Undergrad: 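Encoded as structure tokens, here's the structure I'll be asking about.
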Amino acid sequence: MSIVSSDPEAQKVSPVTELRNAAAKLRKHVKHAAESPWVTSSVWTPRATCTSAVYSHAYPPGSIDSEVVASGRIKSGYGGIREPWNAEYIALMQPSVGKALADWLDLIADVVQARIVEDGSDDYAVDLEGDHALTVARLINGEGGAS
């Protein structure tokens with residue numbers, strides 16, 4: 001007799017666990033990321049191979065620590081940032097945003113958990129929230145596909 005169930009419902013992770021896993025994943029990455037605030041800057045090399053980069057103002061300008069994301073290469077066509085909007089978006093998602101998002105996911109997990117205790121149903125608890133936090137958590141956890 002197998003202890004592991006093949007029933008998909010039995011292997012389903014609770015919404016509270018999904019929310020808490022996403023919050024923990026964010027906190028782990030925030031812990032190891034360059035400190036906030038992050039800013040973008042146009043970078044033009046003598047051969048014009050780079051477009052833009054993201055820097056942390058928490059460290060001395062020009063230091064290795066201040067570099068968050070390496071600039072892209074236009075000529076070679078490999079890796080990095082090719083559009084300034086990518087750098088701008090990355091800078092918006094600095095560690096302080098990640099921490100606030102993790103705090104929000106934990107708060108929603110607390111609310112959903114309390115609703116589950118009150119009603120006994122995961123579906124009811126999540127439906128009241130509108131699924132937004134769970135959607136974000138699933139995307140952070142690598143589930144739910146890309147939009």
Side-chain angles (χ1 to χ4, degrees), residues 8-147:
E9 278 299 307
Q11 296 176 2
K12 185 178 170 185
V13 177
S14 78
V16 173
T17 300
E18 290 181 270
L19 291 162
R20 297 218 190 275
N21 286 347
K25 186 174 185 178
L26 279 171
R27 285 195 175 93
K28 177 182 176 185
H29 285 79
V30 164
K31 178 181 176 183
H32 297 288
E35 291 180 41
S36 303
W38 289 0
V39 296
T40 59
S41 174
S42 294
V43 178
W44 300 105
T45 63
R47 292 183 298 253
T49 58
C50 300
T51 56
S52 56
V54 179
Y55 298 95
S56 169
H57 275 190
Y59 305 97
S63 70
I64 294 291
D65 290 332
S66 72
E67 291 185 12
V68 175
V69 177
S71 56
R73 296 185 172 278
I74 295 172
K75 288 184 177 179
S76 69
Y78 293 107
I81 301 167
R82 294 191 178 94
E83 296 290 335
W85 287 108
N86 291 338
E88 292 289 336
Y89 180 77
I90 291 167
L92 286 174
M93 295 296 112
Q94 59 190 288
S96 56
V97 173
K99 183 189 176 313
L101 186 54
D103 291 346
W104 174 67
L105 290 170
D106 271 335
L107 174 69
I108 297 303
D110 290 344
V111 170
V112 169
Q113 188 169 25
R115 288 180 183 150
I116 290 169
V117 168
E118 182 180 313
D119 180 72
S121 165
D122 288 358
D123 294 335
Y124 168 79
V126 172
D127 283 345
L128 275 179
E129 186 52 46
D131 288 348
H132 303 298
L134 193 55
T135 298
V136 170
R138 286 177 176 160
L139 290 168
I140 290 167
N141 290 331
E143 304 161 17
S147 300

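Values in this document were obtained by computation on a predicted structure and should not be read as measured data.
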Undergrad: Are Q94 and V97 close enough, and set up right, to give a side-chain contact (heavy atoms from CB on, under 4.5 Å), and what steps lead you there?
TA: CA-CA 6 Å; Q94 59 190 288; V97 173; 4.1 Å; yes
Undergrad: For the side chain of S36 and the backbone of S96, is there at least one donor-acceptor N/O pair under 3.5 Å apart?
TA: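 Yes: the side chain of S36 pairs with the backbone of S96.
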Undergrad: Looking at CZ of R20 and CD of Q113, how far apart are the two atoms once the value is rounded to the nearest 0.5 Å?
TA: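 Atom-to-atom, R20:CZ and Q113:CD are 5.5 Å apart.
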Undergrad: So, using side-chain hydrogen bond (donor to acceptor under 3.5 Å, both in side chains) as the criterion, who are the partners of K99 when residues are at least two apart?
TA: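 Testing K99 for side-chain hydrogen bond (donor to acceptor under 3.5 Å, both in side chains), a comparison that skips the adjacent residues, returns D103.
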Undergrad: Any sub-3.5 Å donor-acceptor pair from N141's side-chain atoms to E18's backbone N or O?
TA: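 Side chain of N141 to backbone of E18, a donor-acceptor pair under 3.5 Å: yes, one is there.
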Undergrad: Using 0.5 Å steps for rounding, measure from the CG atom of L26 to the CG atom of L105.
TA: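 One finds 6.5 Å between CG of L26 and CG of L105.
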Undergrad: Which heavy atom of I90 sits nearest a heavy atom of W38, and at what distance?
TA: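 It is O-CE3, 3.5 Å.
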Undergrad: Please name the pair of heavy atoms, one in A133 and one in I108, separated by the smallest distance, quoted to 0.1 Å.
TA: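 Minimum heavy-atom contact is CB-CG2, 3.6 Å.
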Undergrad: Over all heavy atoms of both residues, which pair between D106 and A23 is shortest? Give the atoms and the distance, please.
TA: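 Minimum heavy-atom contact is OD1-CB, 3.6 Å.
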Undergrad: What are the two closest heavy atoms between V30 and P95, and how far apart are they?
TA: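 Result for this residue pair: CG2-O, 3.6 Å.
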Undergrad: Can you list everything that forms a side chain to side chain contact (heavy atoms under 4.5 Å, CB included) with A58? Sequence neighbours excluded, please.
TA: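 E35, S56.
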Undergrad: How far apart are the C-alpha atoms of L101 and I140, what are their side-chain angles, what is the distance that settles it, and do they pass the side-chain contact (heavy atoms from CB on, under 4.5 Å) test?
TA: CA-CA 11 Å; L101 186 54; I140 290 167; 4.1 Å; yes
